[in-house]
There are 2 protein chains.
Amino acid sequence: MAMTMMKLAENLGLSVATVSRVLNGCDKKRVRPELAARIREEARKAGFQPDRAAGQLRRRRSNLIGILLPSLSIVNFYSELAGELHELILKRGYFPVFAFWIQMEEAVKAYRNIVSWRIDGLITVQPDIIEGKPEFPVVSYYNEDPRFDCLVTDSEQIFRELLEYLTSLGHRNIVWIGCNFDGRLPCLMRLCPEYSVKIKYMDCDNSIGLLSSSAGYCLTEKMLKEFSADLPTAIVASSDDIAFGAIRCLADHGYRCPEDFSVIGSDDVKQAELYIPALTTIKHSDKTSLAELLTDQIFKKIEKPDLPRDRVVIKRSLAVRDSCAPPRSHELTSIPRRQ
Amino acid sequence: MAMTMMKLAENLGLSVATVSRVLNGCDKKRVRPELAARIREEARKAGFQPDRAAGQLRRRRSNLIGILLPSLSIVNFYSELAGELHELILKRGYFPVFAFWIQMEEAVKAYRNIVSWRIDGLITVQPDIIEGKPEFPVVSYYNEDPRFDCLVTDSEQIFRELLEYLTSLGHRNIVWIGCNFDGRLPCLMRLCPEYSVKIKYMDCDNSIGLLSSSAGYCLTEKMLKEFSADLPTAIVASSDDIAFGAIRCLADHGYRCPEDFSVIGSDDVKQAELYIPALTTIKHSDKTSLAELLTDQIFKKIEKPDLPRDRVVIKRSLAVRDSCAPPRSHELTSIPRRQ
DNA sequence: AACGCTGGGACCCTTTGGTAG
DNA sequence: GCTACCAAAGGGTCCCAGCGT
């Protein structure tokens, strides 16, 4: 049986009210200091931990922040984000509650699950699964929703930067690989003609599976076959993991990166910088970390719930590293690693 | 105001007891089917979600499993594990509560935090931070603790396999890089003489920071400098991330893997197989996944708390891939990528 | 009378055994 | 015997009352 506040009070011959006051630090000018000390000492000795459920039930705040993200085990970017959010939320005296999903149907269940915690706020990348207008603030990243605060990316800005970079190297024929999260592919396709760049794309929907490195491998393989008549010279991947998978697939087919194919990732995962070649990729936010922006935003709304809806455009930037080079014709320059 | 069961009952002109029974599926033989249907329908329409805190307070089980792991944002292996545990625990009708830590002091706070949820079970890799004997079952991986069920690895078995493999390739001079989690370095050092293998090691303690790929980079750099007079031919890294960092560092110094250095990782992270070169690494468990073994064990103890303490030795195996090759002398075979 | 400190007890929402119709 | 309700319990929180000086 776990130690409860009531038992603790009984042991001390005091009322729960007094114990509660002391243990919550509301004892200033209310409880005699030496008594407070005795209570704290006894609580420590007994290894007392207040019951979260009971406290949460009584006061109307849970001090919980829900975090609803695609599965950790698939996309490295989300685990990095989850880890940072965890840390920042704890630092504010709140506690994070996670729910991850792989299939879209699971996402709705995950959301319901998280709501039953009576969370004080929610951070997600998938606001459309939220039904109605919840009574807690929500911050969404990527995908926009008129109901909630959103941190959105400016696809046009970053794709212009990307296209300028790629064309400056001499690329005129590129391919998009991966998923079409937040509808960025149409934006890229709209921009390409302006830069006289030909663009193709490989299998796009919104499933998270399409963000993993093995997906990157498969899509690249398919791409090489399907577009063999007119191979692109640069690959734009919708995540770093996809980019890694792509580079490996290229190697297995005897192509080298960046000599034969330039590859650009997205997210700037920790691994990107240390990959061989160091991966050129799109960074979220150029100064404050994304996790910080998200937590700042949610706590701003928790403190002042009446603030109007925010829509913050995050400035992304291209981390130029070693995975891009001027294009050259596609004769095999090395022996395929596998056939 | 969130919809509560009381309001729902009031709207229906029924008592909460009846509503509760229906919504918990205990309505067999207790509630008229058509009434049950009406209640369920109304609950759905109102978007009712039961308050977890209240339910948990009343029945004595929380249906929560605590997961206490080193920070996600640092070690890929832990995020994969966390993701899989999340999925498996949900599948059993329980809910995972996560706490991660970076510094050791944070670990104790994280543990206390998690305990205040009145969890029904705990999965961790760091049992020594648990004070006393908690009233919920605990399963520990890696690190052994006489108080709890443990899934332990057989260092000797896997290191023999590793040494046999390495010596069969011709290696006689190896180096250990990374942290000394679960005291496996001493085991390796004890075994080496048997195989006539010389072993050195680079900076080892238990801090998680030493599991990241940037740590792998730094340690390798230090190693190259410190042991330049007698460079080893193979590197055994204490995590795959370290191995990745090491390989990149080698490349930056003009060494290639596996031609100049063989590298072996540990954990068999998703990325390992798709890395270039595909990373030879130590897999946890050869058949059932580690996450499954852990959840099976914890639920076994939740269902039958009186079972004696278990100590399961997990059979690990070497996933032989492309990052190892016969050694050769250390003349530079390529141009350093950076100086 | 006023102030400083501690205790009493309603309340948060759900579960569940007992009971009434 | 079937169905639905009553009421207590579970652990804290917090307003208000009470007591002593």
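Below, read A as the first sequence line, B as the second, and so on, with proteins coming before strands; counting in each chain starts at 1.
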| Side chain of A:Leu14: nearest nucleotide among C:dG7, D:dC14, C:dT14? | C:dG7

| query | Side-chain donor or acceptor of B:Arg58 under 3.5 Å from a matching atom on the base of C:dT14? | reply | no

| note | Side-chain atoms of B:Pro50 come closest, of C:dT14, D:dG12, D:dA4, to C:dT14

| query | In whole angstrom, what separates A:Arg60's CZ from C:dC12's C1'? | reply | 6 Å

| Spacing between A:Gln56 atom CD and D:dC14 atom P, to the nearest angstrom | 13 Å

| query | Cut-off 3.5 Å, side chains only: do A:Asn11 and A:Glu42 have a donor facing an acceptor? | reply | no

| message | From CG of B:Asn63 over to P of C:dT14, roughly how many Å is that when rounded to an integer? | response | 16 Å

| request: Inspect the contact between B:Glu144 and B:Arg309 and indicate whether a charged nitrogen and a carboxylate oxygen are less than 4.0 angstrom apart. | output: yes

| task | Using whole Å, report how far NZ of A:Lys7 lies from C1' of D:dG12. | result | 14 Å

| Of the candidate nucleotides D:dG11, C:dT14, D:dA4, which contains the atom at the shortest distance from the side chain of A:Arg118? | C:dT14

| request: Check every atom of C:dT6, C:dT16, D:dG12 against the side chain of B:Ala17 and return the nucleotide holding the closest atom. | output: C:dT16

| Pairing of B:Lys300 and B:Asp310 as salt bridge, 4.0 angstrom limit | yes

| said: Return whichever of B:Arg32 or B:Leu57 has its heavy-atom-nearest nucleotide of DNA chain D closer to the 5' end. | reply: B:Arg32

| query | Would you say A:Ser20 reaches D:dG12's phosphate, i.e. side-chain N/O to OP1/OP2 under 4.0 Å? | reply | no

| field | Whole-Å gap separating P (C:dT15) and CG (B:Asn24) | value | 4 Å

| task | Evaluate the ring planes of B:His86 and B:Phe98, with Trp represented by its six-membered ring, and classify them as parallel (under 30°), tilted (30 to 60°) or perpendicular (over 60°). | result | parallel

| So what does A:Met5 hit on the nucleic acid, given a heavy-atom distance under 4.0 Å: a base, only sugar-phosphate, or nothing? | sugar-phosphate

| said: Without decimals, in angstroms, what is the distance between B:Gln49 CD and C:dT14 C1'? | reply: 14 Å

| query | Just how far, in rounded Å, is P of D:dG12 from CZ of A:Arg61? | reply | 20 Å

| Closest listed nucleotide, where the reference is the side chain of A:Ser15 and the choices are C:dG8, C:dT16, D:dG11 | C:dG8

| query | When the distance from CE of A:Met6 to P of D:dT13 is rounded to whole Å, what number comes out? | reply | 12 Å

| A:Val16 or A:Pro33, whichever maps to the more 5' nucleotide of DNA chain C | A:Pro33

| said: For a quick check, tell me whether the side chain of A:Arg21 and the base of C:dG7 share a donor-acceptor pair closer than 3.5 Å. | reply: yes

| Nearest atoms (heavy-atom pairs only) where B:Tyr78 meets B:Pro70 | CE1-CG, 3.6 Å

